[in-house]
Amino acid sequence: MTDNVKERMREVKSILVSQPEPNDENSPYFKLAEKYNLKVDFRQFIQVDPVSVKEFRKQKIDILNHTAIIFTSRNAVDHFFSICAELKIEMPADMKYFCISEQTANYLQKYIIIRKRKIFTGHRTAGDLIEILKKHKNEKYLFPCSDIRKDDIPEFLGQNGYNYSEAIIYRTVASDLSDLENVYYDILAFFSPSGINSLLINFPDFKQNKTRIAAFGPTTAKAVKDAGLILDIEAPLPNAPSMTGAIELYIKKANGLK
């Protein structure tokens with residue numbers, strides 16, 4: 001352990017998680033707070049704003065000219081069907097749905113009768129979904145997404161000659177965090193580059209000082225470093241696949257616990 005890391009390895013008493021507070025009372029964050037007597041707060045650093053029908057029409061996309069829809073998040077599902085409702089579009093029974101995870105696929109039942117539809121589901125990652133897309137090259141895909149999105153799926157479709165359209169149906173913007181200006185936490189936990197961007201938009205003169213930063217995933221970790229900040233806690237780890245697991249390992253060291 002370097003002197004710099006030792007210097008930063010101070011007792012943790014408070015954590016700010018840059019996500020909404022979990023509805024589940026058994027959330028590992030609540031268990032972490034109770035186990036180590038921590039103050040754990042939640043605050044969404046980013047918010048999503050729907051694209052208006054007028055803006056959507058400017059993209060000149062005919063939804064019903066596609067045979068399959070790719071969903072990578074619940075936000076995409078909500079905003080897509082909201083646009084369809086406003087345009088009075090009813091999805092045909094033979095429309096196929098390709099979902100990044102089982103959670104996203106199950107969420108579809110909010111809008112369609114799942115048992116009557118053709119739904120293909122990845123395990124969790126874009127890589128999983130791409131493996132499924134490889135078996136269905138002849139579809140006309142529609143990829144509803146945010147103005148800020150990962151490149152992996154569109155790049156795969158484009159580089160391999162798939163027939164697809166990309167539709168921006170919502171925008172990811174920074175939340176107003178001005179009320180946190182003089183509030184300090186030992187750890188700030190981030191889950192996307194957008195969260196880091198929101199921090200810097202809200203506080204352009206942000207000084208990290210003794211605040212430790214936790215990042216989930218390689219793209220978030222890169223955003224931390226690109227912003228000139230110190231990454232103290234990186235998740236997932238081989239022995240800690242979750243953010244709470246990685247934070248707990250750090251707390252045990254920082255707070256001198258076994």
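Residue Q103 places its CD atom among 12 or fewer non-hydrogen atoms of other residues, nucleotides or ligands, all under 6.0 Å distant. The local environment of CG in N239 is crowded, with over 12 non-hydrogen atoms from other residues, nucleotides or ligands closer than 6.0 Å. Around CD of E102, the count of heavy atoms belonging to other residues, nucleotides or ligands within 6.0 Å does not exceed 12. Counting heavy-atom neighbours within 6.0 Å of K137 NZ, excluding the residue itself, gives a total above 12.
In this structure a side-chain-to-backbone donor-acceptor pair under 3.5 Å is present from N255 to V12. The main-chain N or O of V48 is never found under 3.5 Å from a side-chain atom of N75 such that the two would form a donor-acceptor pair. Under a 3.5 Å cut-off, the side chain of N202 and the backbone N or O of L177 do form a donor-acceptor pair.
Ring to ring, H136 and F98 are close: their centroids are under 6.0 angstrom apart. In this structure, the ring of Y107 has its center no less than 6.0 angstrom from the ring center of F71. In summary, the aromatic rings of Y162 and F156 are positioned with their centroids under 6.0 Å apart.
Among residues at least two apart or in separate chains, salt bridge (charged side-chain N to carboxylate O under 4.0 Å, His left out) pairs with a member in residues 73-97 are D78-K110, K96-E139. Among pairs with a residue in residues 164-180, those fulfilling salt bridge (charged side-chain N to carboxylate O under 4.0 Å, His left out) read R43-D179, E55-R171, R149-E166, at least two apart in sequence or across chains. Applying the salt bridge (charged side-chain N to carboxylate O under 4.0 Å, His left out) test to every pair with at least one member in residues 11-38, sequence neighbours left out, gives these pairs: K35-E248.
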Could you walk me through whether S192 and T220 pass side chain to side chain donor-acceptor pair (under 3.5 Å), step by step?
CA-CA 5 Å; S192 70; T220 311; 5.7 Å; no

